[in-house]
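Throughout, protein chains are lettered first and strands after them, A, B, ... in sequence-line order, and every chain is numbered starting at 1.
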Protein chains: 2
Amino acid sequence: MTGTDQSSRQQLVAGAADMIRRRGLNATSIREVAKHAGTPLGSTYHYFPGGKHQLAAEAVRYAAGTVASIIAAKLRAGPVEGLQAFLTLWRTVITSTDFQAGCPVLAVSIESVSIEESPAALTAAAEAFTTWSAHLAESLREHGVAATRAAHLATLIVAAVEGAVAMCRAQRSTDPLDQTATELTALVQAAISR
Amino acid sequence: MTGTDQSSRQQLVAGAADMIRRRGLNATSIREVAKHAGTPLGSTYHYFPGGKHQLAAEAVRYAAGTVASIIAAKLRAGPVEGLQAFLTLWRTVITSTDFQAGCPVLAVSIESVSIEESPAALTAAAEAFTTWSAHLAESLREHGVAATRAAHLATLIVAAVEGAVAMCRAQRSTDPLDQTATELTALVQAAISR
DNA sequence: GTCTATACGAAGATAGAC
DNA sequence: GTCTATCTTCGTATAGAC
């Protein structure tokens, strides 16, 4: 386990995550991921014997982990701050890429049809959504929101933001996310101040 | 323009919409759409000279129009009834296909990266979201919700439902949509009863 | 262990037979 | 006008040279 090995491997994972969030899972080819990482095609199958499924699953976990770390850190300041961080994160993604990138977890959720076709990647996507929601729900509970309501509210936040990011890409405008942000912020503030 | 022509054409469009909502845009091949419709491959390019882009765009408009008709009809009974119809519609889609189908509009929004790559389909997706939101917003305004708030709330509804459907597919559970439904229904009821 | 070269299938699109 | 056969490119994956 040398440093070079890990950096090549990590570059493949990060590159795959970037391509998936831009073009989707099916339009992300191993060939191009390898080329982008500067590694030969064969190396990919050395690092990821499971082929594209394995690479996709790791890419989802990588991207999901990054997002989870950010919101978990910001949630320590409170649910509203965590929500703001979540919203800002995705707004930055779409604006900094001129609406060309979105969420790789959502892409995998839509393109991995059955468990049989891409088991690991779809499972990783499901876990990502669960983790994000759980972080938000926990913070809401800590601020006095009842457990059931907190869970529902957390799910709504994740669903709404994911959907809004996709709408922003289609419309080439940040309006859907900004409008969603306004509603969600008001909703969370009302929930924790009762 | 014989009856047979139009039915073949429509079968291609409907078949494409079904495949896109299940597998996504990139995994939907013209070959398989043609086979499923029982028409030769060449016919597809006769009906759709613009190739896959044109077929995808028409598939999106077809699916989006169906959804728009349903919610527009139910919205006449009020915003809550329209929301319920929107929610029920998607819940039926995911449960009747064992979580294998979702929204084709969302799939196209995520997989059509740039305007250059798939201009017509992405434009059709943007219009679908706009149309759905506009219907909901209009109904909310008619029930006393201020114009700006109505627009924001309508966007939140579309975004949240689209995101929730994708989450349901990843988690193979209707919980995300059901929890989102609870929150959205309460939110709309509160908005129109003030 | 790393990488080049290749096998094999399927994609979008079209040319040309009927 | 309809459809068959084919062109070209690109996908995943692997076999085998270094």
Side-chain angles (χ1 to χ4, degrees), chain A residues 1-13 15-16 18-20 22-60 107-108 111-114 116-122, chain B residues 1-13 15-17 19-20 22-60 107-108 111-114 116-122:
Chain A
M1 144 144 91
T2 73
T4 310
D5 278 0
Q6 290 311 305
S7 93
S8 281
R9 225 194 102 98
Q10 264 314 104
Q11 264 192 323
L12 286 168
V13 172
D18 187 59
M19 276 180 66
I20 291 170
R22 290 173 184 269
R23 317 183 184 179
L25 179 58
N26 284 309
T28 296
S29 70
I30 305 275
R31 279 186 132 88
E32 212 167 343
V33 171
K35 181 187 286 183
H36 192 266
T39 65
L41 178 61
S43 299
T44 309
Y45 290 89
H46 168 65
Y47 292 123
F48 309 94
K52 189 174 181 177
H53 291 341
Q54 183 182 356
L55 177 56
E58 296 207 24
V60 168
V108 168
E111 296 184 74
S112 303
V113 171
S114 66
E116 286 74 29
E117 186 182 322
S118 190
L122 194 59
Chain B
M1 151 143 78
T2 73
T4 310
D5 279 0
Q6 290 311 303
S7 94
S8 282
R9 223 195 103 101
Q10 264 312 105
Q11 264 193 324
L12 286 168
V13 171
M19 278 183 64
I20 290 170
R22 289 173 184 271
R23 318 183 183 179
L25 178 59
N26 284 309
T28 297
S29 70
I30 304 278
R31 287 184 127 85
E32 212 166 342
V33 172
K35 181 187 290 184
H36 193 268
T39 65
L41 178 60
S43 299
T44 310
Y45 290 90
H46 167 66
Y47 292 124
F48 308 94
K52 189 173 180 177
H53 291 340
Q54 184 183 353
L55 178 57
E58 297 206 24
V60 168
V108 168
E111 296 184 78
S112 303
V113 170
S114 66
E116 285 75 27
E117 186 183 323
S118 188
L122 194 59

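Interface residues of residues 31-42 of chain A facing DNA chain D, ordered by number: R31(A), L41(A); criterion, heavy-atom separation under 4.0 Å.
The CZ atom of F48(A) sits 16 Å away from the C1' atom of dG1(C) (whole-angstrom rounding). Distance, K52(B) NZ to dA11(C) P: 9 Å, rounded to whole Å. Taking atom CG of L25(A) as the reference point, atom P of dG11(D) lies 13 Å away to the nearest angstrom. Counting to the nearest Å, the P atom of dC10(D) and the CG atom of N26(B) are 15 Å from each other. Atom NE2 of H46(B) is separated from atom P of dA15(C) by 16 Å (rounded to the nearest Å). At whole-Å resolution of the value, OH in Y47(A) and P in dG1(C) are 12 Å apart.
Within the structure, side chain to side chain donor-acceptor pair (under 3.5 Å) contacts touching residues 34-43 of chain B (residues at least two apart or in different chains) do not occur.
Listed nucleotides: dA13(D), dC3(C), dA13(C). Nearest to the side chain of Y45(A): dA13(D).
Summarising the geometry of I20(B) relative to A59(B), their closest heavy-atom pair is CD1-CB, 4.1 Å, with the distance given to 0.1 Å. Shown here for A107(B) and G24(B), the closest heavy-atom pair between the two residues is CB-CA, 4.2 Å. Nearest heavy atom pair, residue S112(A) against residue L25(A), reads OG-CD2, 3.5 Å. Taking all atoms of both residues into account, the shortest heavy-atom contact from G51(A) to Y45(A) is CA-CE2, 3.8 Å.
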Contacts under 3.5 Å, N or O only, protein and nucleotides 16-18 of chain C:
none

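Checked against side-chain hydrogen bond (donor to acceptor under 3.5 Å, both in side chains), N26(A) has the following partners two or more places apart in sequence or in another chain: E111(A). Listed by chain and number, the residues in a side-chain contact (heavy atoms from CB on, under 4.5 Å) with T44(B) are L12(B), I30(B), A34(B), F48(B), L55(B) (sequence neighbours excluded). Every side-chain hydrogen bond (donor to acceptor under 3.5 Å, both in side chains) that E32(B) has, sequence neighbours left out, goes to R23(B).
Taking side-chain N and O atoms only, S43(B) has a distance below 4.0 Å to OP1 or OP2 of dC3(D). At the phosphate of dA11(C), OP1 or OP2 sits under 4.0 Å from a side-chain N or O atom of S29(B).
Between the side chain of R31(A) and the backbone N or O of L41(A) there is no donor-acceptor pair closer than 3.5 Å.
Counting any heavy atom pair closer than 4.0 Å across all strands shown, T44(B) reaches no nucleic acid atom.
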